[in-house]
Asks: 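Can you read through this structure? Questions will come right after.
Throughout, protein chains are lettered first and strands after them, A, B, ... in sequence-line order, and every chain is numbered starting at 1.
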2 protein chains.
Amino acid sequence: MSLDNVRGLVIDLDGCIYLGKKPIEGAAEAIGKIRRAGYSILFLTNNSTLTRGMYVRKLRGMGVEASEDEILTSGVIAARYIASQKPRAKVLPVAEAGFTEEARKLGIEILDESRYHEAEYVTVGLDRTLTYRKLAAAVKAINMGACFICTNLDHIYPGEEGFEPGAGAIAAAIEKASGVKPYSVGKPSEEANRQVFEALKLSGRQVAFVGDRIDTDIKSAKMAGAVGVMVMTGAASLFNIDEAECKPDYVIESIVKLPELLGVK
Amino acid sequence: MSLDNVRGLVIDLDGCIYLGKKPIEGAAEAIGKIRRAGYSILFLTNNSTLTRGMYVRKLRGMGVEASEDEILTSGVIAARYIASQKPRAKVLPVAEAGFTEEARKLGIEILDESRYHEAEYVTVGLDRTLTYRKLAAAVKAINMGACFICTNLDHIYPGEEGFEPGAGAIAAAIEKASGVKPYSVGKPSEEANRQVFEALKLSGRQVAFVGDRIDTDIKSAKMAGAVGVMVMTGAASLFNIDEAECKPDYVIESIVKLPELLGVK
């Protein structure tokens with residue numbers, strides 16, 4: 001698929017712009033070049049632990065300038081989805097600030113686990129403050145009819161001492177106990193794509209998704225009829241591109257090569 | 001299958017002798033009659049939260065006399081299994097006293113989650129002190145090669161305000177994050193049956209399993225070539241006996257009718 005129509009770039013964060021706390025060398029300069037060439041940029045991450053404000057500060061610390069409007073997290077997607085379905089909804093979170101703070105800003109009421117019986121939605125993300133009591137409250141709320149939303153289904157999360165359970169693992173416990181499958185709004189999902197294109201005000205082939213994962217970044221591109229650009233940093237080595245059902249349109253060494261791919265100097 | 005050869009009874013606790021904190025009326029008297037008629041008795045429960053000592057006291061409070069040797073829990077089965085595989089093993093527990101205290105008595109070293117990298121086994125049971133940190137430690141230990149043992153795979157646990165996540169739900173999160181399936185030693189399992197027959201010093205048709213669940217109690221009986229007696233108390237109404245693949249040999253209203261079934265006065 002041609003890059004000629006591309007006017008917007010949806011760029012993954014972890015594995016693409018940085019690895020945990022360490023920036024990919026040259027990423028900041030590459031983003032600067034692309035921005036100066038007039039492309040719209042949206043940073044899209046499945047991580048629901050940080051708010052957009054926290055990401056603005058994190059990126060600035062790595063020399064990458066971005067406004068809050070240029071950042072979309074699975075926590076924000078979940079909050080906007082719920083607010084669009086039921087304004088002022090009551091939500092029991094099994095999630096961190098990237099969901100709870102963003103949700104509060106949209107008028108959503110965040111419940112303490114003791115109020116699980118009032119919950120209209122249960123939102124599950126990576127939650128490092130998880131307790132059995134919170135897990136049990138989520139199960140009981142879902143059994144009483146609350147909708148079960150998941151920010152993403154990633155099984156693991158790269159912790160500092162190895163892989164730790166991700167949102168998808170926590171959701172698996174709740175699914176097993178409640179018998180209800182979660183509705184995931186993270187990459188790849190119809191809802192994530194809907195919000196991406198709404199934010200960019202562009203359509204399918206006008207957008208390229210850039211990231212290190214076939215199952216999220218490239219899959220999202222294919223679902224949307226957009227261009228998929230895979231960077232060989234981060235988790236890329238986990239995927240066999242040749243045998244993947246869903247193949248990237250372009251493969252580049254790292255985000256540093258993106259300006260060249262786009263013909264930007 | 002005939003009851004003529006039966007000399008030992010494996011009797012479930014929750015749903016059969018009591019419902020939560022409430023004894024089944026007449027259960028104590030029925031157990032007394034069976035005991036006086038000379039039957040060996042083993043109380044077998046998948047609950048791994050209480051120690052045998054705690055069960056002796058709980059049963060005594062309901063008028064049922066039992067020694068620790070007459071009680072077998074999935075926590076004890078897990079502890080004995082590990083001790084038989086690796087004496088003085090180092091175990092990271094995601095479980096309560098019914099496993100940890102029983103394991104310590106067998107010389108097993110119980111690790112704090114900060115020592116996950118030393119773990120040779122991870123044992124998962126119902127753990128109401130579960131935290132994300134403990135869950136993450138279990139996943140990292142298993143990723144480093146620790147054996148993943150589960151006391152039972154029950155998805156739910158009947159809490160006072162509704163169903164809460166059981167050992168099987170917690171295990172599902174760890175399985176999703178680690179990609180490793182647990183080895184379950186609770187009812188129904190080869191290991192549970194092995195320890196049951198070892199404790200009773202009897203063989204297949206000399207034993208009757210009595211309980212309210214087809215998927216655990218009656219399944220255990222069928223796996224062992226033993227007699228399956230279903231009581232219609234507790235969770236029995238969840239099962240359709242006529243359509244069940246694994247059918248009980250006898251169905252009685254409650255444990256109160258067991259002496260009559262056995263021809264005991």
Asks: Is B:R88 salt-bridged to B:E109, going by a charged N under 4.0 Å from an acidic O?
Replies: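 Looking at B:R88 and B:E109, the cut-off is not met.
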Asks: Picking from B:S178, B:A172, B:A173, which has the most non-hydrogen pairs under 4.5 angstrom with chain A?
Replies: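 Of B:S178, B:A172, B:A173, B:A173 has the most heavy-atom pairs under 4.5 Å with chain A.
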Asks: Do any N or O atoms from the side chain of B:E96 and from the backbone of B:R128 form a donor-acceptor pair under 3.5 angstrom?
Replies: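 At least one qualifying donor-acceptor pair exists.
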Asks: Name the region of A:D127, side chain, backbone, both or neither, that has any atom closer than 4.5 Å to a heavy atom of chain B.
Replies: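 For A:D127, backbone heavy atoms alone lie under 4.5 Å from chain B.
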Asks: Can you list everything that forms a ring-ring contact (aromatic ring centres under 6.0 Å, His included) with A:Y81? Sequence neighbours excluded, please.
Replies: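 Here the qualifying residues are A:Y183.
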Asks: Which atoms of B:E175 come close to chain A, meaning under 4.5 Å heavy atom to heavy atom: side chain ones, backbone ones, both, or neither?
Replies: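 B:E175 has no heavy atom closer than 4.5 Å to chain A.
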Asks: Under a 4.5 Å cutoff for heavy-atom pairs, which residue among A:A171, A:A169, A:G168 has the most contacts with chain B?
Replies: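 Between A:A171, A:A169, A:G168, the count favours A:A169.
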Asks: Between B:L126 and chain A, with a heavy-atom cut-off of 4.5 Å, which part of the residue counts as in contact: side chain, backbone, both or neither?
Replies: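 Looking at B:L126, just its side chain touches chain A.
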Asks: Mind checking ring-ring contact (aromatic ring centres under 6.0 Å, His included) for B:F148 and listing every partner two or more places apart, or none if nothing turns up?
Replies: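 In terms of ring-ring contact (aromatic ring centres under 6.0 Å, His included), with neighbours along the sequence ignored, B:F148 is linked to no residue.
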Asks: Measure A:I156 against the heavy atoms of chain B and call it side chain, backbone, both or neither at under 4.5 Å.
Replies: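 Just the side chain, heavy atoms under 4.5 Å.
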Asks: Is the side chain of B:D212 donor-acceptor paired with the backbone N or O of B:A235 at a distance under 3.5 Å, no angle test?
Replies: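 Yes.
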